[in-house]
Amino acid sequence: MLSRQFQTLRHLQKSTTTTHLLQLQALILKTALDRDEFFISKFIQSSSSVSIEFTRLFFDSLLPLDPPPPIFAFNTIIREYSKSSSPLESVKLFSQLQRVGLKPDKFTYPFVLKSCGWCSVIGVGGAVHSLVVKMGFDSDRYVGNTLLRMYSGCGTIGFARQVFDEMCERDVVSWSSMIAGYVACNCPLDALMVFQSMKLVNQNPNSVTLVSLLSACTRLLNIRIGTSIHSHVIVNNIKLDVALGTALLEMYSKCGRIEVALQVFSSLEEKNLQSWTIMISGVADHGRGEDAISLFTQMEENGLKPDSLSFSGILSACSHLGLVEEGKRYFDQMVNTYGIKPTMEHYGCMIDMLGRAGMIEEAYRVIKSMPMEPNSVILRSFIGASKNHGEVNCLDENLRKLLLQIEPDLGGNYVLAACVSSVSENWNDVASLRDAMKGRRLKKAPGCSWVEVNSASSGEIIQPAVG
DNA sequence: CTAGGGTTAG
């Protein structure tokens, strides 16, 4: 029997089509392997990489059996669905297993909760949470940690925090998940405060924790804490893997230390698409367009395929450096060679680039060719360029109106609109400008509400003081 | 005879 299983599984490894899989299914039925719990799970696991749909058909054919498929088989297919493009199927299977009289175990919950977080279905996730508590699985660390992630994946960080606070034991994963959750919902200061508590209970951060902390520093533009994390890495001999290295070079780059970022970048043993892209955007943001182009070429030579964000970096470099021909070439390459659909940001770079170069008509043609309505950044850039190049007379009035319509609360837009409006209109009249803005509350620039603490003993990760 | 949780660009 064992050799038969082995043989069938080896066939499975070679299977690439559903026809092969159907032949295998016939074989399984003939040899009664569908009664073998161990085999079924292995089969589900391997065949779902070929086709999850087929795997489901196979699994459904087992459902009417008596006894029903073992919980292990359910867990396996639920896990496979949580990794697939239709994670909601794992939720359906979760209720189905209860309908055939089986009880979810401590492995079932993490898989189904992962799907809930992925699909952002807080309703289902909450229901599963109640079940977790009712069945007494809330003391399981894995279950607790996936609950936390489910809530933060659903954008409900308060619930995530509540799960975290009520956990009876927290490990480094719980702390890292909580910190990552705060970073993801754009509360980097809360992330640092969680880390402060983490130090108080003597829980050591690992490299995953540090990646999230660096991300928090990047958002706060806090080079001091970022640097202290770097020294912690060096003092504690923590390996600079791709994730940590990329987070570190991003922190330096976004905080204006482009030279240090380049140093970290070149010291990385392994670089992935993200490392290259962040480095390219970094030098581009520092006005070093030639370096961006050279890095982009090196990246392609290293066999990496640029994605949508890589092109954002290189296009913004072209725009800042006024490299119109290169920019057009990259845009064309993106669409025609790599088949990437341009986003608002890509169009923004092109329009900005053409506008700065005084190619107003061509920039206008790009706006008209966009499949979506231009956003305020693009409109401001284009209207500003028209003004700077003295081409306000042929400006499309609709674009000017559109800007005030989609972003009526930004005062500067009225100034810009007034500058490019024809004299016959009354935008230049202060009274009517005030009238147009009546009742509008203008946006204030965000301020920094906290003060740094100055204590940089090496290896010690410093903390912000909350003001 | 088997399985589970956390990380990076906007």
Side-chain angles (χ1 to χ4, degrees), chain A residues 1-2 5-6 9 36-46 70-80 82-83 104-114 117 137 140-150 152-153 160 163-164 167 170-184 186 191 198 203 205-219 240-251 253-254 261 264 268 270-282 284-285 306-313 316 343-346 348 377:
Chain A
M1 191 50 150
L2 222 77
Q5 285 181 0
F6 210 70
L9 280 171
D36 184 323
E37 173 176 334
F38 173 66
F39 178 81
I40 291 170
S41 303
K42 280 284 170 216
F43 186 80
I44 293 171
Q45 207 179 328
S46 327
I71 187 69
F72 200 106
F74 267 102
N75 288 350
T76 309
I77 194 159
I78 288 174
R79 185 189 52 187
E80 293 304 327
S82 78
K83 296 188 284 195
D105 64 9
K106 61 172 180 168
F107 291 99
T108 322
Y109 292 104
F111 301 148
V112 72
L113 285 168
K114 190 177 166 191
F137 285 112
D140 186 282
R141 268 213 316 276
Y142 289 87
V143 174
N145 289 340
T146 38
L147 268 173
L148 199 168
R149 252 196 79 68
M150 182 275 291
S152 85
V163 169
F164 178 78
M167 283 171 105
R170 303 179 192 97
D171 58 11
V172 68
V173 177
S174 328
W175 288 97
S176 303
S177 308
M178 194 66 249
I179 291 171
Y182 275 125
V183 173
N186 207 11
M198 183 176 173
Q203 174 65 256
N206 62 15
S207 78
V208 179
T209 325
L210 298 182
V211 169
S212 291
L213 287 174
L214 281 168
S215 181
C217 295
T218 304
R219 282 165 203 248
L240 257 198
D241 58 18
V242 218
L244 187 55
T246 305
L248 191 60
L249 79 87
E250 184 186 22
M251 187 277 298
S253 163
K254 293 273 164 65
V264 172
L268 290 185
E270 190 196 337
K271 303 176 178 73
N272 62 15
L273 184 62
Q274 281 81 1
S275 330
W276 283 96
T277 302
I278 291 165
M279 201 60 253
I280 290 168
S281 305
D285 289 341
D307 68 356
S308 179
L309 286 159
S310 317
F311 277 105
S312 292
S316 105
T343 64
M344 187 76 85
E345 223 194 338
H346 298 128
V377 178

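Below, chains carry the letters A, B, ... as their sequence lines are ordered, and counting in each starts from 1.
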Practice task
Measure from the side-chain heavy atoms of A/A180 and tell me the nearest of B/dA9, B/dT7, B/dT2.
Solution key: B/dT7
Handout entry: d(CG, A/D171; C1', B/dG4) in whole Å
Key = 12 Å
Practice task
Pick base, sugar-phosphate or nothing for A/D307, based on heavy-atom distances below 4.0 Å to the nucleic acid.
Solution key: base
Practice task
Check every atom of B/dT2, B/dA3, B/dA9 against the side chain of A/T277 and return the nucleotide holding the closest atom.
Solution key: B/dA9
Practice task
Please work out if A/Q45 contacts a base, only the sugar-phosphate, or nothing of the nucleic acid, heavy-atom cut-off 4.0 Å.
Solution key: nothing
Problem - Given B/dC1, B/dG6, B/dG4, the nucleotide with the shortest approach to the side chain of A/D36 - result: B/dC1
Handout entry: Side-chain heavy-atom pair A/Q203, A/V172 within 4.5 angstrom cut-off
Key = yes
Problem - Atom-to-atom span, CD of A/E250 to P of B/dT8 - whole angstrom - result: 10 Å
Handout entry: Options B/dA9, B/dG4, B/dT8, nucleotide nearest the side-chain atoms of A/R219
Key = B/dA9
Problem - Distance below 4.0 Å between A/K271 side-chain N/O and B/dT8 OP1 or OP2 - result: no
Problem - A/F38 ring over B/dC1 six-membered base ring, under 5.5 Å and 30° - result: no
Exercise for the section: Determine the contact category for A/T146: base if any of its heavy atoms lies under 4.0 Å from a base atom, sugar-phosphate if only primed atoms, P, OP1 or OP2 are that close, otherwise nothing. Expected result: sugar-phosphate
Handout entry: Parallel, tilted or perpendicular, as decided by the 30° and 60° cut-offs, for the rings of A/F137 and A/Y109
Key = tilted
Exercise for the section: Name the nucleic acid region contacted by A/D241, choosing base, sugar-phosphate or nothing; use a 4.0 angstrom heavy-atom cut-off, strictly under. Expected result: nothing
Fill in the blank from the handout: Rounded to whole Å, the CD1-P distance (A/I77 to B/dG4) equals 17 Å
Exercise for the section: Among the candidates B/dA9, B/dT2, B/dG4, find the nucleotide nearest to the side-chain atoms of A/F111. Expected result: B/dG4
Exercise for the section: Classify the side chain of A/N206 versus the base of B/dG6 as yes if they form a donor-acceptor pair under 3.5 Å and no if they do not. Expected result: yes
Exercise for the section: Please examine the side chains of A/Q274 and A/L309, heavy atoms only from C-beta on, and report whether any two atoms are closer than 4.5 Å. Expected result: no
Problem - Proximity to the side chain of A/V172 - top-ranked nucleotide from B/dT2, B/dT8, B/dG6 - result: B/dG6
Completion exercise
In whole angstroms, the gap separating C1' of B/dT8 from CG of A/L214 amounts to 9 Å
Problem - Nearest-Å distance for atom pair CG/P, residues A/L268 and B/dT7 - result: 20 Å
Practice task
May I ask you to decide if A/K114's main-chain N or O and A/R149's side chain share a donor-acceptor pair within less than 3.5 Å?
Solution key: no
Fill in the blank from the handout: Among B/dG4, B/dG6, B/dG10, the one nearest any side-chain atom of A/K106 is B/dG4
Completion exercise
Closest of B/dT7, B/dA9, B/dT2 to the A/K254 side chain is B/dA9
Practice task
Check for a donor-acceptor pair, side chain of A/T218 on one end and backbone N or O of A/L214 on the other, with a separation under 3.5 Å.
Solution key: yes
Practice task
Check whether the side chain of A/S177 and the base of B/dG6 form a donor-acceptor pair under 3.5 Å.
Solution key: no
Handout entry: Per A/F107 side chain, nearest of listed nucleotides B/dT8, B/dG6, B/dA3
Key = B/dA3
Problem - Close side-chain approach of A/L248 and A/M251, heavy atoms under 4.5 Å - result: yes
Handout entry: Protein-nucleotide distance (A/N186, atom CG; B/dA9, atom C1'), rounded to Å
Key = 14 Å
Practice task
Grab the CE-P distance between A/M251 and B/dA9 for me, whole Å please.
Solution key: 14 Å
Practice task
Measure from the side chain of A/Q274, starting at C-beta and using heavy atoms only, and say which of B/dT8, B/dG6, B/dG4 lies closest.
Solution key: B/dT8
Completion exercise
Atom CG of A/N272 and atom P of B/dA9 are separated, to the nearest Å, by 12 Å
Practice task
Assign A/S212 to base, sugar-phosphate, or nothing according to its heavy-atom contacts below 4.0 angstrom with the strands shown.
Solution key: sugar-phosphate
Practice task
For residues A/S310 and A/I280, determine if any side-chain heavy atom of one lies less than 4.5 Å from a side-chain heavy atom of the other.
Solution key: no
Handout entry: Phosphate OP1/OP2 of B/dG6: any A/R149 side-chain N/O under 4.0 Å
Key = yes
